[in-house]
Engineer: 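Could you have a look at this structure, given as structure tokens, before my questions?
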Amino acid sequence: MKATRPSLKDFSRDALRADFKERGFPAYRADQVLSWIYAQGVESVAEMNNLPTSLRTHLEEEWDTSSLSRRRVEVSQDGTQKFLLETRDGAAIEAVLIPEERRNTLCVSTQVGCPLACSFCATGALGFTRNLTTGEIMDQVIRAREVLSEESAITNIVFMGMGEPLLNLPAVTEAIGLLTDPKTLAMAPRRITVSTAGLVPQIKPLLEIGPINLAVSLHATTDTVRDELVPLNRRFPLDVLLGSLRSEPLLSRKRPVFFEYTLMRGVNDSLEDAARLPELLKGIPSKLNVIPMNAHPDAEYEPPDQATCDAFTQTAYRAGLRVTLRRNRGADIDAACGQLAARDKTALSSVIS
Ligand code: SAH
């Protein structure tokens, strides 16, 4: 089967150099290939005209340059674009491009489905199929970049799509290495954000990658409520999670932790919740992003009304937190937070054929 060929995008620069050397090609050829793929946006080996014929033939016969095929792009009224992408083994995943005035943020997936089963999340309702490879993470960036005009680039990457990034840390680490490699995409680490539901032991290794941003899905101010919403809380309750974020090496990074708080009517939206937040987050340089629940058929939770969202945000702000109430982007095409389920697969080749 085709999927057994190695994919060029699964390799970090160092790994590809070592692999090429082993096969008898000089290591610098790996740099040239990566530069074609990431810097020039060329995937057809025939066009890589500074490579010798022997290497081109080898790549064409033994390797894949692409890990994902674009099957559908949906465009929201607010300009958000959702990509349905198919892996080489026929799985469906989604990525979301969020254009703003001064930046284009791409939200990437790290797993097919997710094993964490957060009760309000559409991806959680899918169950877990498998981790994505490095190449499949990188290809979300390449497939999205292809729809942007020459002048605009993807400026920010958030690991906030389908899946729990910290359950796939090796591939996420390699992908961040490629995103920030000066010879490939040369992104600044501060333009990359990884979000976790709170897999405490993997947070430190994640932050050792470099000065990237950490986002933590908080969603509750008591263990009773968080146990219900984020079952992982039963393994790593609030005092353990927040205690680890207060630890010395994390504090010395001098970068705020972004806390995500999805507001659900009657569940976690009281003013008492809002007032508890500053105490809970004390000692952690924090920014709080409040996001009204995006309703979807797999969960019974609803967003509170606008007045409740505003009052919650105001209360947290007056108590001293840096807080932003987020607009829901792309909700009309099910591209908003927690709505990614790649449910409509009619565009996949395997379904069509
Ligand atoms: N597993 C990681 C990465 C996913 S990020 C994590 O949990 O952080 C996606 C964000 O959207 C998370 O904060 C998640 O809790 C939130 N989310 C999930 N379902 C949602 C919904 N229906 N409405 C609003 N936010 C939701």
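Along the sequence shown, the residues carry numbers beginning at 1. Indexing begins at 1, ligand by ligand and atom by atom, following the structure's order.
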Engineer: Quick one, E164 with T196, criterion side chain to side chain donor-acceptor pair (under 3.5 Å). Give me CA distance, side-chain angles, the key distance, then yes/no.
Structural biologist: CA-CA 6 Å; E164 167 55 42; T196 178; 2.8 Å; yes
Engineer: At a 4.0 Å threshold, what atoms of ligand 1 neighbour a non-hydrogen atom of A197?
Structural biologist: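 Checking each atom against A197, I get 6 (C), 7 (O), 8 (O).
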Engineer: In the protein, which heavy atom is nearest to atom 19 (N) of ligand 1, and how far is it?
Structural biologist: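 Nearest protein contact, heavy atoms only, for atom 19 (N) of ligand 1 is G338 CA, 2.9 Å.
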Engineer: Between N294 and ligand 1, which residue portion shows a heavy-atom distance shorter than 4.0 Å: side chain, backbone, both, or neither?
Structural biologist: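 It is both backbone and side chain that touch ligand 1.
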Engineer: Say whether F120, considering both its backbone and side-chain N or O atoms, lies within less than 3.5 Å of an N or O atom on ligand 1.
Structural biologist: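 F120 vs ligand 1: N/O contact under 3.5 Å present.
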Engineer: Taking the six-membered ring for Trp, are H219 and F259 ring centroids under 6.0 Å apart?
Structural biologist: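 Distance test on ring centres: not under 6.0 Å, no.
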Engineer: Pull out every atom of ligand 1 sitting under 4.0 Å from any heavy atom of H219, numbered as shown with elements.
Structural biologist: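 Per the distance check, 13 (O), 14 (C), 15 (O).
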Engineer: Any idea which atoms of ligand 1 are less than 4.0 Å away from a heavy-atom of M293?
Structural biologist: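 Result: 21 (C), 22 (N), 23 (N).
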Engineer: Under 4.0 Å from any heavy atom of H296, which atoms of ligand 1 are there?
Structural biologist: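 Once the distances to H296 are compared, the set is 22 (N).
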Engineer: Can you tell me which residue among V216, I291, N268, T313 is in a side-chain contact (heavy atoms from CB on, under 4.5 Å) with Y261?
Structural biologist: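 The option that passes is N268.
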Engineer: Could you walk me through whether E260 and N289 pass side chain to side chain donor-acceptor pair (under 3.5 Å), step by step?
Structural biologist: CA-CA 5 Å; E260 292 145 283; N289 286 322; over 6 Å; no
Engineer: Would you mind checking which non-hydrogen protein atom is closest to atom 2 (C) of ligand 1, with the distance to 0.1 Å?
Structural biologist: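 For atom 2 (C) of ligand 1, the nearest protein heavy atom is E164 OE1, 3.3 Å.
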Engineer: Which of the atoms of ligand 1 are close to C337, meaning less than 4.0 Å from one of its heavy atoms?
Structural biologist: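 Listed by number with element: 11 (O), 20 (C), 21 (C), 22 (N), 23 (N), 24 (C), 25 (N), 26 (C).
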Engineer: So which protein heavy atom does atom 3 (C) of ligand 1 come closest to, and at what separation?
Structural biologist: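 Looking at atom 3 (C) of ligand 1, the protein heavy atom closest to it is G163 O, 3.5 Å.
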Engineer: Kindly state whether the ring of H58 and the ring of F25 have centres lying under 6.0 angstrom apart.
Structural biologist: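 Yes - the distance between ring centres of H58 and F25 falls below the 6.0 Å cut-off.
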Engineer: For ligand 1, which atoms, with element, lie under 4.0 Å from some heavy atom of C121?
Structural biologist: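 That gives atoms 18 (C), 19 (N) of ligand 1.
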Engineer: What I want to find out is whether D89 reaches R130 closely enough, with some N-O distance under 4.0 Å, to be called a salt bridge.
Structural biologist: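 Answer for the salt bridge query: yes.
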Engineer: Side chain to side chain donor-acceptor pair (under 3.5 Å) between N213 and R190: does it pass, once the steps are laid out?
Structural biologist: CA-CA 6 Å; N213 299 302; R190 70 191 152 79; over 6 Å; no
Engineer: Salt bridge check, E136 against R88: does any charged N sit closer than 4.0 Å to a carboxylate O?
Structural biologist: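 So R88 does not pair with E136 through a salt bridge.
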Engineer: For ligand 1, is M162 a contact, meaning one of its heavy atoms is under 4.0 Å away?
Structural biologist: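 The answer is no: ligand 1 sits nowhere under 4.0 Å from a heavy atom of M162.
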Engineer: Testing F20, Y38, W63 one by one against F11 for a ring-ring contact (aromatic ring centres under 6.0 Å, His included), which residue passes?
Structural biologist: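 Between F11 and the candidates, ring-ring contact (aromatic ring centres under 6.0 Å, His included) is satisfied uniquely by W63.
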Engineer: Are any of the side-chain nitrogens in R17 or D14 under 4.0 Å away from the carboxylate oxygens of its partner?
Structural biologist: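 Judged by the 4.0 Å cut-off on N to carboxylate O distance, R17 and D14 do not form a salt bridge.
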Engineer: Examine the proximity of ligand 1 to M160 and report which part, side chain or backbone, both or neither, has a heavy atom under 4.0 Å away.
Structural biologist: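 For M160, backbone and side-chain atoms both sit under 4.0 Å from ligand 1.
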Engineer: Could you check atom 25 (N) of ligand 1 against the protein and tell me its nearest heavy-atom contact, residue, atom and distance included?
Structural biologist: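 Ranked first by proximity to atom 25 (N) of ligand 1 is T262 OG1, 3.1 Å.
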Engineer: Going by an N to O cut-off under 4.0 Å, is there a salt bridge joining R23 and D19?
Structural biologist: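 Yes, R23 and D19 are salt-bridged.
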Engineer: Does ligand 1 come near enough to L116 that some N or O of the ligand is less than 3.5 Å from an N or O of the residue?
Structural biologist: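 Looking only at distances, the answer is no, because the N/O contact criterion of under 3.5 Å is not met.
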Engineer: What protein heavy atom lies closest to atom 10 (C) of ligand 1? Include the residue and the distance to one decimal.
Structural biologist: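 The closest heavy atom on the protein side is E260 OE2, 3.8 Å.
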Engineer: Which residue holds the protein heavy atom closest to atom 7 (O) of ligand 1, what is that atom called, and what is the gap in Å?
Structural biologist: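 Of the protein heavy atoms, S217 OG, 3.2 Å lies nearest.
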Engineer: Could you tell me whether E94 and R71 make a salt bridge, using a distance below 4.0 angstrom between a side-chain N and a carboxylate O?
Structural biologist: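 No salt bridge links E94 with R71.
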Engineer: Could you establish whether A122 and ligand 1 come within less than 4.0 Å of each other, counting only heavy atoms on the residue side?
Structural biologist: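 No.
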Engineer: Tell me whether ligand 1 is touched by G161 - counting only heavy atoms on the residue side and a distance under 4.0 Å.
Structural biologist: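 Distance cut 4.0 Å: G161 passes for ligand 1.
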